[in-house]
Structure formats: C-alpha cells, structure tokens
Protein chains: 2
Amino acid sequence: MAIPRAAKTQRRTRIQEEKEERILGAALDVFSVNGFRGATIDQIADAAGMSKPNLLYYFRTKEAIHRQLIDRVLFTWLEPLRAFNADGNPEAEIRSYIRRKLEMARDYPRESRLFANEILQGAPRIEDELKGPLKDLVDEKAEVIRAWARAGKIARCDPYHLIFSIWSTTQHYADFDVQVRAVLGQDYAGDGRFEDAARFLEQLFMDGLRVRNT
Amino acid sequence: MAIPRAAKTQRRTRIQEEKEERILGAALDVFSVNGFRGATIDQIADAAGMSKPNLLYYFRTKEAIHRQLIDRVLFTWLEPLRAFNADGNPEAEIRSYIRRKLEMARDYPRESRLFANEILQGAPRIEDELKGPLKDLVDEKAEVIRAWARAGKIARCDPYHLIFSIWSTTQHYADFDVQVRAVLGQDYAGDGRFEDAARFLEQLFMDGLRVRNT
DNA sequence: GTAATGTTTTACCAACCGGTCAAATTATCG
DNA sequence: CGATAATTTGACCGGTTGGTAAAACATTAC
C-alpha cells in the first residue's frame, strides 16, 4: 500500500529525500518569479522533470510546497540579524551585517525574491511570523543599537529605520536585479557590481552613523 | 455598429473616459497585489463594479490594461529624478529627491508595488524601457552627481549605487509596507512613521555624503 | 421620433487549473 | 526468487480563466 506522504513516523526514503529537494528547487525558481497565485503546479513539475501527479505524491498541495519554502527562507534569512552581537564593536557589527546581507542577496537571489513576492502580496501566509518571531528579534536588536547610540558609540538614530534601510539596500540587488543590470549596462553585469555596492554601502552607513562632533 | 475601442481617430465618449479610469483604478488594486499572472479579469471587473465582457469592451485584453498602467507608472515614477537639477545646491537637491521619493511611496503605494511586481517577475514587458529611457536618465543624473563629487561638494561615491540606495530605501516603505507595519507594531501604524523615516534617511544620506576632512 | 451609434448583458467556448484515482511499474528485502 | 511496499503514470474531474458572439439596451444626433 502506498502511504502518500511521510504519513506515519516512518523514515524517509533516499528517493523521497532526493525528489523532495528537486521539487523544492524547481518550486523556488517558479514561485520566486511568479508569486504564489501566478505559479502553477505544472510549471513546477516541468521544471523538476516529473509529472504533476508524481509531484503531488510528494507534496499534497501547492500550498504545502510554498509553505516549506517560506519556512526555510524565514529561518535562514534572519541568520545575519541573529548574529548581531551586543558585545562586539558597533561599527564592525554593523559593517559585517551589511556585508552578510549583501552576500545573501548575491548568493540566494531566488530566496530573496520569494520573500519579496510574499510581502508584496500582503503576506497572507506569514503574517503571524512577521508579527511574532520577526518583530521580537528586531525589537531585541533595536534595543542593542539604541544602547550603542546612548553610549555615544554611534550617532543617535532610529534603530528600526536603520535596520529597514539595511534590508532594503541590500535586498535591492536581488529583488530588482533586472533593473540594476539594465541601468548599469552589460559591461557591468559581472560580480564586480557587488563589490562596488559593498564599498558604497559601507561608506554610506559608516559615515552616516559616525558620531560627529560639530 | 459597435466599434470596440477608440478604434478610429474618433474622440472618446464621456462614458468611455469615465469607465476606463474606473477600470484602471480597479486594475491597479488587483495587479499591484497579485502581479500580472496572479490577477484575473474577473477580479478586476468585480472591483470596478462591472461585468467581465463589459470590461473587455473597453480593454481588449488583460495585457492592454496592464500595459497602460505600467506606462503611466514608468512616466510619473521618474518625475522626481527628472527634477534633479545640476545647477542647484547638491545637498538640497539630494535631500529633496529623497523627500519626494518618500512622499510618492506614501501617496502612491499601489503604483510602487505594481512596478516592484513587474521587476520581480523579470520585467518581461518593460525590458526595453529600462534599458532605454530609464538608463539614459540615470546615466545623465549620475554624471551630475559625479561632477558634484569632483568639485568637492559632496563625498566621492558611486553615483549609480547612490541612486539605487535612495530608490530602495524609499520604495521599501511602499513595497514592504506589511513587514514595516508588523515590525513597528500597531501603535506606530500612523503616518508618523513616514516622518521618522524621512528624518532617518535625511540624516543617513546627508552625513554619509558630506565631505569629511579627516 | 427615428436612425445610427455606443454600451451592456447573456450565453458560451476552449484551454488551463489544482487535485484525485486506480492501475501499472519499480525498488526493497527476506 | 517472490512478496511487499514505494513510486510513477495516464485518464479523468469540477471549477476557473481569458476571451468571443450576438443580441438587447441606452444614448446621441438629426
């Protein structure tokens, strides 16, 4: 008898593990471009090189695939922020946070776009995670930044908007990649633009946050 | 005989003008949330308070509606950048550019999201406009910024990435509105957050770009 | 008023959509 | 090998989708 999906506490087959990963990869391609509504199971099955019923043997619904992708992204996406260390050197912490976020935009653009698509569409499937775990983490780190400002280690500024501005500037290179390429032109299309972006953002945030004694 | 749509050089009826506007408004609502593929004509017709065939009497295809919306947005979206004045005071010009972009994110969030959706999906319908008019305009303004830097009026920096960072930070408040609200909490939901954002971004960019004599 | 034009509705279509089912096929294990 | 469980397939279903055709209805111009 065929038990549809990791139903019981049974261990997962090698094939299951492999196919599920292939499906998730294909689904990431499709969802990150078309969003949830715009993506079809056929597209995903096609990209994964299998038939639709076969795909549905591993994931019961379209939503189940999306759910799993979103859960993964939500977790890994916040890694850099979690690594933010209250006891470290403020300037170095912010600098390395920017660099890490930029590296993620470069190395995981599909994940960034998947998330962007979900937020753009009103985040109907992850509202709770945003208002819960995400908000809590940001609140915590905002307090760290505020403490640094009070101690005179960085310029006084709104920590929430600082975080927003780091998110937006870095993710821009993944989410708006097409536009960035179009504006910079073909010659610039290489990975060199990421180094230029890193240099620029570093200068912007470091000088923008340095305590000025005028 | 019913001539489907402004076919000949005929003038448009009062009813045509009015209905077309109502359709475009409704379509903006739907497209900006669901993207092109995710949106349906039925949804748009519903939102516009008319039947689907009636809507299709004014716009022959779903793509025609989207096309017109995108064209409008592309034009108005670049207004602030066009207003960028080479002969003005550099600091004041950049400051007012930021403010204007932020006001647009506040006042026209649907337009911002429509554009973001299109870019996220690889900009299949506006690639030419990006590589043509958009790139030309940015090239021109980048040269202005570069000249300011050479003249020592602002800090030396990559003008393209400066423009990208202004775009991303300001549009973030429209495109990622749901996330911003979730993180800031209900109490902050009012328009106050736009003033806070304006203050923060002003500080960030002004201090980040000021010439430092260290 | 009436004829021409402009607008709206009703009924419809073929393609596509998410998902099911049962049968056929393949892998695993004793 | 044979039996059992896991995987794959093809045929199918009800609902949705973008779009059409033609007739009914409303508006305007004379």
Side-chain angles (χ1 to χ4, degrees), chain A residues 1-24 26-27 29-31 33-70 121 124-125, chain B residues 1-24 26-27 29-31 33-70 121 124-125:
Chain A
M1 199 194 301
I3 294 172
R5 297 227 353 85
K8 307 292 164 208
T9 336
Q10 229 115 358
R11 246 183 280 104
R12 280 160 71 214
T13 317
R14 198 182 61 258
I15 297 184
Q16 267 176 31
E17 201 131 351
E18 186 193 306
K19 290 282 169 80
E20 283 177 14
E21 220 47 49
R22 222 167 76 202
I23 292 169
L24 288 173
D29 275 338
V30 177
F31 280 133
V33 169
N34 297 109
F36 183 77
R37 283 223 53 193
T40 73
I41 299 183
D42 281 293
Q43 280 178 305
I44 299 171
D46 238 45
M50 63 180 74
S51 67
K52 179 167 64 172
N54 196 183
L55 181 149
L56 285 166
Y57 170 75
Y58 293 101
F59 292 87
R60 265 195 294 260
T61 63
K62 177 176 157 185
E63 193 141 358
I65 312 174
H66 192 259
R67 174 87 255 159
Q68 189 148 335
L69 282 176
I70 283 283
Q121 287 165 24
R125 279 166 287 272
Chain B
M1 200 191 303
I3 294 173
R5 297 223 355 82
K8 307 291 165 209
T9 335
Q10 231 115 357
R11 246 184 280 105
R12 281 160 69 216
T13 317
R14 195 184 62 259
I15 296 183
Q16 268 176 30
E17 201 131 352
E18 185 193 306
K19 290 282 168 79
E20 282 177 15
E21 220 46 49
R22 222 167 76 201
I23 292 169
L24 287 173
D29 275 337
V30 177
F31 280 132
V33 169
N34 297 108
F36 182 77
R37 284 223 52 191
T40 72
I41 300 184
D42 281 294
Q43 282 178 305
I44 299 171
D46 239 44
M50 62 180 77
S51 67
K52 179 167 64 171
N54 196 182
L55 180 150
L56 285 166
Y57 171 75
Y58 292 101
F59 292 88
R60 265 195 293 258
T61 63
K62 178 176 156 184
E63 193 141 357
I65 312 175
H66 191 260
R67 176 86 254 162
Q68 190 148 336
L69 282 176
I70 284 282
Q121 287 165 23
R125 280 166 286 272

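In this text, all values refer to a predicted model and were calculated from it rather than measured experimentally. In what follows, every chain begins at residue 1, and chains take the letters A, B, ... in the order their sequences are listed.
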OP1 or OP2 of dT9(D) under 4.0 Å from side-chain N/O of Tyr57(A): no

Using a cutoff of under 3.5 Å, can you pull out all pairs of nitrogen or oxygen atoms linking the protein to nucleotides 16-20 of chain D, with atom names and distances?
unit_1: dT17(D); atom_1: OP1; unit_2: Arg37(A); atom_2: NH2; d: 3.4
unit_1: dG18(D); atom_1: OP1; unit_2: Ala39(B); atom_2: O; d: 3.2
unit_1: dG18(D); atom_1: OP1; unit_2: Lys62(B); atom_2: NZ; d: 3.0
unit_1: dG18(D); atom_1: OP2; unit_2: Ile41(B); atom_2: N; d: 2.9
unit_1: dG18(D); atom_1: N7; unit_2: Lys52(B); atom_2: NZ; d: 2.9
unit_1: dG19(D); atom_1: OP2; unit_2: Lys62(B); atom_2: N; d: 2.9

Whole angstrom is fine here: how far is it from CD in Glu20(B) over to P in dG6(C)? 14 Å

Pairing residues for Lys62(A) by the side-chain contact (heavy atoms from CB on, under 4.5 Å) criterion, not counting sequence neighbours: Phe31(A), Phe36(A), Ile41(A)

Report yes if some heavy atom in the side chain of Thr61(B) is under 4.5 Å from a heavy atom in the side chain of Arg67(B); otherwise report no. no

Can you tell me if Ser51(A) touches the phosphate of dT9(D), counting only side-chain N or O atoms and a distance under 4.0 Å to OP1 or OP2? yes

Every protein N/O lying under 3.5 Å from an N/O of nucleotides 22-26 of chain C:
none

Distance in Å, Tyr58(A) OH paired with Glu21(A) CD, rounded so as to fall on 0.5 Å steps: 13.0 Å

Measure CD/Glu17(A) against P/dA6(D) and give the value in whole Å, please. 16 Å

Side-chain contact test, heavy atoms from C-beta onward, threshold under 4.5 Å: evaluate it for Tyr57(B) versus Lys19(B) and give yes or no. no

Nearest 0.5 Å please: distance from the CD atom of Glu20(A) over to the CG atom of Leu55(A). 10.0 Å

Check the phosphate of dA6(D) against Lys19(A), side-chain N and O only, distance under 4.0 Å to OP1 or OP2. Yes or no? no

Could you check how far CD1 of Ile65(A) sits from C1' of dG19(C), rounded to whole Å? 12 Å

Can you give me the closest heavy-atom contact between Gly49(A) and Arg22(A), atom names plus distance? O-NH2, 3.7 Å

Using every non-hydrogen atom in the two residues, find where Val30(B) and Ala39(B) come nearest and quote the distance to one decimal. CG1-CB, 3.5 Å

Round to a whole Å and report the spacing from CG of Asp46(B) to C1' of dT9(C). 16 Å

Counting only side-chain N and O atoms of Asn54(B), is one of them less than 4.0 Å from OP1 or OP2 of dT9(C)? yes

Using every non-hydrogen atom in the two residues, find where Gln68(A) and Leu24(A) come nearest and quote the distance to one decimal. NE2-CD1, 3.8 Å

What is the minimum heavy-atom distance between Gln121(B) and Val33(A), and which atoms define it? CG-O, 2.6 Å

